[in-house]
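Note sheet for the following structure.
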Amino acid sequence: MTRDYLCSADYDAAKMMELFDLAAAIKALAKRRRRLSALKGYTAALVFQKPSLRTRVTFDIGMRQLGGDAIFLGPSEISLGARESIHDIAKNLERWVDIIIARVFEQTSLEHFAAASAPPVINALSNDEHPCQAMADLFTLYEKGVKFEKTRFAFIGDGNNVCASLMIAGASLGMDVRVATPEGYEPSAAVIEKARSLARESCGGLLVTNDPRQAVSCASAVYTDTWASMHTEHEAQERRPLFTPFQVNPALLKGAEPDAVIMHCLPAHRGEEITDEVMDCKNSIVFDQAENRLHMQKAIILDCLGAVEEARREITG
Ligand code: CP
Ligand code: NVA
């Protein structure tokens, strides 16, 4: 059976743990330069309406490492809803490809794709969420032996798409999630409510504050992202002075656990949301996160295509 992966809430804690375990096995295999053939004959359409380094490369290589193929369709090939409706694009693509991996502006575009197309759809980033990023980030903590329950995880900066996906996934896993943003840049009320209710169920925690020191206090992981995202780039200049007190720098990190890991989804704006010193420090795991996009997303693709069991047989066989 196939399934879409459009937002963090699509996976509960048990599913996340199962996929972390699969990603670890797939990564170990890839380290031995072994590829799988579970997706032989399968093709992915990578429909990207925004720029990308990590997501594009890792989905493309990931499909090939699973035995399949990928075709990239950028904004110059298809401009969603302008040259053709999303419905009609989906109805065309479903005749040729087996999975649609889309980076879009509106979350509703993904929902329209999913409603119209038989092949499953994966969210490769929308204005609202970046769930594959959150899965790779949490997998990075998992493989480092972090026990999620009660682990204090601080997100500092903009209450953006990456923040939303991390809040929801982290709260499901029972983490103590703490978010600090400037006033007016908090995650949406719906995201806060969802994360709060998941945290209640998992006995985790959720704090949303405008005080970065309160958020990092005793945190074991400190995460930041760009102050202006691709869809809010036009606000970059006006945001800078408001976000400056939220820079992740050695002074702010004094309140965190001494061995706290430093996380960033990248691309980073060194000297803005994170200093060179912090980005390059020994506790920085930002490039581990980038590496793990590849392996985590292979597990997600297999799950969406209902091919997990076949891949597991190949791994153990
Ligand atoms: N972190 C991330 O999604 O990077 P790209 O925008 O380069 O894909
Ligand atoms: N919040 C960023 C994430 C980039 C990977 C953006 O949407 O631009």
Side-chain angles (χ1 to χ4, degrees), residues 5-8 23 44-63 70 72-75 80 101-110 122-141 155-170 179-182 185-188 191 221-237 239-240 242-243 246-248 262-270 272-274 279 284-298 300-301:
Y5 183 48
L6 303 187
C7 58
S8 274
L46 308 184
V47 178
F48 276 48
Q49 298 289 294
K50 297 178 182 174
S52 172
L53 169 65
R54 283 147 289 272
T55 311
R56 176 184 175 171
V57 171
T58 53
F59 271 117
D60 190 328
I61 295 177
M63 275 304 287
F72 181 80
L73 298 163
L80 297 187
I101 298 165
R103 169 166 285 198
V104 296
F105 286 88
E106 305 304 327
Q107 183 76 15
T108 50
S109 299
L110 295 166
I122 295 181
N123 181 353
L125 181 145
S126 70
N127 294 357
D128 294 359
E129 282 225 34
H130 197 0
C132 295
Q133 177 73 53
M135 284 293 284
D137 298 336
L138 295 167
F139 170 58
T140 306
L141 295 176
F155 184 99
I156 310 298
D158 187 21
N160 62 15
N161 43 9
V162 173
C163 175
S165 292
L166 283 165
M167 282 170 73
I168 288 166
V179 175
T181 74
Y185 295 91
E186 296 87 357
S188 71
V191 167
V222 179
Y223 198 119
T224 189
D225 183 16
T226 179
W227 290 338
S229 284
M230 289 180 269
H231 62 290
T232 51
E233 238 162 40
H234 56 284
E235 297 174 14
Q237 216 176 330
R239 286 181 176 222
R240 206 160 286 130
L242 301 171
F243 278 77
F246 293 77
Q247 183 186 65
V248 175
I262 307 303
M263 304 181 77
H264 194 308
C265 59
L266 307 179
H269 301 76
R270 289 167 176 263
E272 291 196 2
E273 75 271 6
I274 190 164
M279 174 108 166
S284 168
I285 57 169
V286 301
F287 298 113
D288 298 332
Q289 294 170 252
E291 178 182 356
N292 282 336
R293 297 292 304 280
L294 175 61
H295 307 296
M296 190 64 245
Q297 285 162 194
K298 281 184 278 184
I300 294 170
I301 292 170

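Excluded from the calculations below are hydrogen atoms, water molecules and symmetry mates; all remaining heavy atoms, backbone and side chain alike, are included. First listed ligand is number 1; within each ligand, the first listed atom is number 1. Residue indices begin at 1 and follow the sequence shown.
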Would you call Q247 and W227 a side-chain contact if the rule is heavy atoms closer than 4.5 Å? yes
In this structure, CD1 of I101 is separated from OG1 of T58 (nearest 0.5 Å) by 9.0 Å
For atom 2 (C) of ligand 1, what is the closest protein heavy atom, and at what distance to 0.1 Å? R293 NH1, 3.3 Å
Show which atoms of ligand 2 fall inside a sub-4.0 Å distance from at least one heavy-atom site of S229. 1 (N), 2 (C), 6 (C), 7 (O), 8 (O)
Consider every N or O of L266 and every N or O of ligand 2, then say whether any pair is closer than 3.5 Å. no
With a 4.5 Å cut-off on side-chain heavy atoms, are T55 and H130 touching? yes
L125 contact mode with ligand 2 (heavy-atom cut-off under 4.0 Å): side chain
Of the non-hydrogen atoms in C132 and R293, which two are nearest, and what is the gap between them? O-NE, 4.2 Å
Looking only at protein heavy atoms, identify the closest one to atom 8 (O) of ligand 2 and say how far it is in Å. M230 N, 2.8 Å
Closest approach of L6 to P131 (non-hydrogen atoms, all atoms of both residues): O-CG, 4.0 Å
L125 vs M230 side-chain heavy atoms within contact, under 4.5 Å: yes
Quick check: does R56 get an N/O under 3.5 Å from an N/O on ligand 1? no
Within the structure, does H231 bring an N/O atom to less than 3.5 angstrom of an N/O atom in ligand 2? no
Can you check whether C265 has an N/O within less than 3.5 Å of an N/O in ligand 1? yes
So which bit of K50 gets within less than 4.0 Å of ligand 1, heavy atoms only: side chain, backbone, both or neither? neither
protein heavy-atom neighbour closest to atom 7 (O) of ligand 1 works out as L53 N, 2.7 Å
Within 45 degrees of the axis of the six-membered ring of F72 and under 6.0 Å from its centre: does R56 put its NZ or CZ there? yes
Anything under 30° is parallel, anything over 60° is perpendicular, the rest tilted; go ahead and classify F155 against Y223. parallel
List ligand 1 atoms under 4.0 Å from H130, heavy atoms only on the residue side. 2 (C), 3 (O)
Output yes when the distance from some N or O of ligand 2 to some N or O of H130 is under 3.5 Å, and no in every other case. no
Are any of the side-chain heavy atoms of V179 and P187 separated by less than 4.5 Å? yes
Validation row: E129, I168 side chains within 4.5 angstrom (heavy atoms): yes
With the side chain counted from C-beta on, respond yes when R54 and P267 share a heavy-atom pair under 4.5 Å apart, and no when they do not. yes
Atom 3 (C) of ligand 2: the protein heavy-atom neighbour that sits closest, reported with distance to 0.1 Å: D225 OD2, 3.6 Å
If you measure every N or O of L266 against every N or O of ligand 1, does any of those distances drop under 3.5 Å? yes
Among all protein non-hydrogen atoms, which one is nearest to atom 4 (O) of ligand 1, and what is the separation to 0.1 Å? R54 NE, 2.8 Å
Please find the pair of heavy atoms, one from R103 and one from P51, that lie closest to each other, and give the distance. NH1-O, 2.7 Å
Which heavy atom of the protein is the closest neighbour of atom 7 (O) of ligand 2, given with residue, atom name and distance? N161 ND2, 2.8 Å
A student checking ligand 2 against N160 at a 4.0 Å heavy-atom cut-off should list atoms 1 (N)
May I ask you to identify, for R103, whether its side chain, its backbone, both or neither come under 4.0 Å of ligand 1 on a heavy-atom basis? side chain
Nearest neighbour of atom 8 (O) of ligand 1 from the list S229, S52, A124, C132, on a heavy-atom basis: S52
